[in-house]
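Scroll down for the structure; my scribbles are underneath it.
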Amino acid sequence: MSWHDIAFILAGALAGGFINGLAGTGTALFALGFLMVALDPISAVGVVTLMSVVTGLQGLWEIRKALRYNVARLMRFILPGLAGVPVGVTLLTFINAEILKLLIAALLILYGGFFSFRRNLPKFERRTPVLDSMMGFSGGFLGGMAGLSGALLVIWCSMRPWPKAETRAVLQPFNVSILGTTTVMLWWRGVYTSTTMTAFLIALPASFLAVQAGLWVFRRTSDMVFRRLLIGLSLLLGLGLLVNVLW
């Protein structure tokens, strides 16, 4: 592995780690472009997925109190999400994943672009257990099919006027659970070769430091600013996904 490859792996670790620390999601789309310069696509996905899970544990510790008081809400997302992962993996051979990514990118860009420049944010307050479960299943399905477990959930959570810790108490554990399941399936398929694990070990220290920097910003962000950050992140995720598909 050349110094050129190591530089891109570290750049991906820093970008993905920071956004993970700040928002609790978005690692793959911010890191994958860098890692694919140094690694083949399958190895790059394997590194990013494992990195998202391991570094995500730091974010879980940050919101441990909010997690304790919102277990029932979280389960409405996670349990259907876990059921959606194998469905997404199974249907991967029957559905054009690139077209699906383009549709998700368009939705993210429209939502993020529209609300990023509006004074009033969307405000959806009432309890919606059925819709929450549907969003969880969709996240698991998209995670298994295209590695996009957090895409729709970012939109859904940014519409809810929850405190930032409660919002993150949905996003972070959901992504850790879904991507943890995906990691096991990738391991079963033999993705984690010596090359993949070497790249992961190179990325890990930089990713841990970047997560701490993102968490530092998160702690100093107000609830309203965090909601706007998620809406802006929707726009960035959509643009990044669009570039990734069309490149």
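From a predicted model like this one, the values you see are computed outputs, not experimental measurements.
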Quick one: does any side-chain atom of Arg219 pair with a main-chain N or O of Glu62 as donor and acceptor, under 3.5 Å? no

Gap separating the CD1 atom of Ile19 from the CZ atom of Phe30, nearest 0.5 angstrom: 4.5 Å

With sequence neighbours excluded, tell me which residues meet side chain to side chain contact (heavy atoms under 4.5 Å, CB included) with Val53. Val176, Leu179, Thr183

Are Phe208 and Met197 linked, directly or through intermediate hydrophobic residues, by side-chain heavy-atom contacts shorter than 4.5 Å (ILVMFWY only)? yes

Apply side chain to side chain contact (heavy atoms under 4.5 Å, CB included) to residues Leu35 and Phe8 and explain how you reach the verdict. CA-CA 6 Å; Leu35 268 68; Phe8 274 96; over 6 Å; no

When you measure from the side chain of Arg68 to the backbone N and O of Lys65, does any donor-acceptor pair fall under 3.5 Å? no

Given side chain to side chain contact (heavy atoms under 4.5 Å, CB included), test Leu14 with Phe18 step by step and report yes or no. CA-CA 6 Å; Leu14 291 171; Phe18 180 79; over 6 Å; no

Rounded distance (nearest 0.5 Å) linking atom CG of Leu229 with atom OG of Ser116: 10.0 Å

State, yes or no, whether a side-chain contact exists between Arg127 and Asp132 at a heavy-atom distance under 4.5 Å. no

Looking at Met224, I'd like to know if its CE atom is crowded, meaning that more than 12 non-hydrogen atoms belonging to other residues, nucleotides or ligands lie closer than 6.0 Å. no

Looking only at heavy atoms, the pair that brings Ser234 and Leu108 closest together is O-CB, 3.3 Å

Just how far is it from atom CG of Leu204 to atom OG1 of Thr55, taken to the nearest 0.5 Å? 8.0 Å

Return the set of residues passing ring pair (Phe, Tyr, Trp, His ring centres under 6.0 Å) with Phe34 (not counting sequence neighbours), or none when no residue passes. none

How close do Ala66 and Ala165 get, heavy atom to heavy atom, and via which atoms? CB-O, 3.6 Å

Quick one, Phe115 and Leu235 - any side-chain contact, counting heavy atoms below 4.5 Å? no

For Thr195 and Thr198, test the side chains for any donor-to-acceptor distance below 3.5 angstrom and give the result as yes or no. no

Looking only at heavy atoms, which two atoms of Ala31 and Gly12 are closest? And how far apart? CB-O, 3.2 Å

Mind checking what makes side-chain hydrogen bond (donor to acceptor under 3.5 Å, both in side chains) contact with Asp223, not counting sequence neighbours? none

Give the minimum heavy-atom separation between Ala151 and Ile104, together with the two atoms involved. CB-CG2, 3.9 Å

Taking Phe218's backbone N and O only, do any of them form a donor-acceptor pair with Lys164's side chain (distance below 3.5 Å, no angle check)? yes

Can any side-chain N or O of Ser207 pair as donor or acceptor with the backbone N or O of Ala203 at less than 3.5 Å? no

Is a side-chain donor or acceptor of Thr25 paired with a backbone partner of Gly150 at a separation under 3.5 angstrom? no

For Ile155, does its backbone N or O pair with a side-chain atom of Ser158 as donor and acceptor, under 3.5 Å? yes

Would Trp162 and Asn70 count as a side chain to side chain contact (heavy atoms under 4.5 Å, CB included) here? Give the steps. CA-CA 12 Å; Trp162 297 334; Asn70 293 281; over 6 Å; no

Please determine whether the number of non-hydrogen atoms from other residues, nucleotides or ligands lying under 6.0 Å from atom CE of Met134 exceeds 12. no

Measure across Ala169 and Ile63 and return the closest heavy-atom pair with its distance rounded to 0.1 Å. CA-CD1, 3.4 Å

Compare all side-chain heavy atoms of Leu171 with those of Leu230 and state whether any distance is below 4.5 angstrom. yes

For Tyr192, enumerate each residue passing the ring pair (Phe, Tyr, Trp, His ring centres under 6.0 Å) test, keeping only those at least two apart in sequence or located in another chain. none

Does Leu50 belong to the same Ile/Leu/Val/Met/Phe/Trp/Tyr cluster as Trp188, with side-chain heavy atoms less than 4.5 Å apart forming each link? yes

CD1 (Ile109) and CG (Leu239) are apart, to the nearest 0.5 Å, by 4.5 Å

Quick one: does Phe77's side chain get under 4.5 Å of Pro173's, heavy atoms only? no

Interatomic distance, CZ@Arg227 vs OG1@Thr221, rounded to 0.5 Å, equals 14.5 Å

Do you know which two heavy atoms are closest between Leu102 and Leu242, and how far apart they sit? CD2-CD1, 3.6 Å

Heavy-atom count around Ile42 CD1 within 6.0 Å, excluding the residue itself: above 12? no

Give the cluster check for Val48 versus Val191: same hydrophobic cluster or not, with ILVMFWY residues linked at side-chain heavy-atom distances below 4.5 Å. yes

Got a sec, which residues hit salt bridge (Lys or Arg N to Asp or Glu O under 4.0 Å) with Arg73, two or more places apart in sequence or on another chain? Glu166

Just checking, is any N or O donor in the side chain of Arg160 or Thr128 under 3.5 Å from an acceptor N or O on the other one? yes

Path from Leu131 to Leu153 over hydrophobic side-chain contacts below 4.5 Å: yes

I want to check something: taking the side chain as every heavy atom from C-beta on, are Arg76 and Ser133 in contact at a cut-off of under 4.5 Å? yes

Could you tell me whether the side chain of Leu60 reaches within less than 4.5 Å of the side chain of Leu57, counting heavy atoms only? yes

Distance check, rounded to the nearest 0.5 Å: Leu152 atom CG versus Phe141 atom CZ? 11.0 Å

I'd like to know if Trp61 and Leu209 are part of one continuous hydrophobic network [Ile/Leu/Val/Met/Phe/Trp/Tyr, side-chain heavy atoms within less than 4.5 Å]. no

So Trp216 and Arg220, do their side chains get closer than 4.5 Å, heavy atoms only? yes

Would you mind listing every salt bridge (charged side-chain N to carboxylate O under 4.0 Å, His left out) that reaches into residues 6-15, with sequence neighbours excluded? none

Are Gln172 and Asn20 close enough that some pair of their side-chain heavy atoms sits under 4.5 Å apart? yes

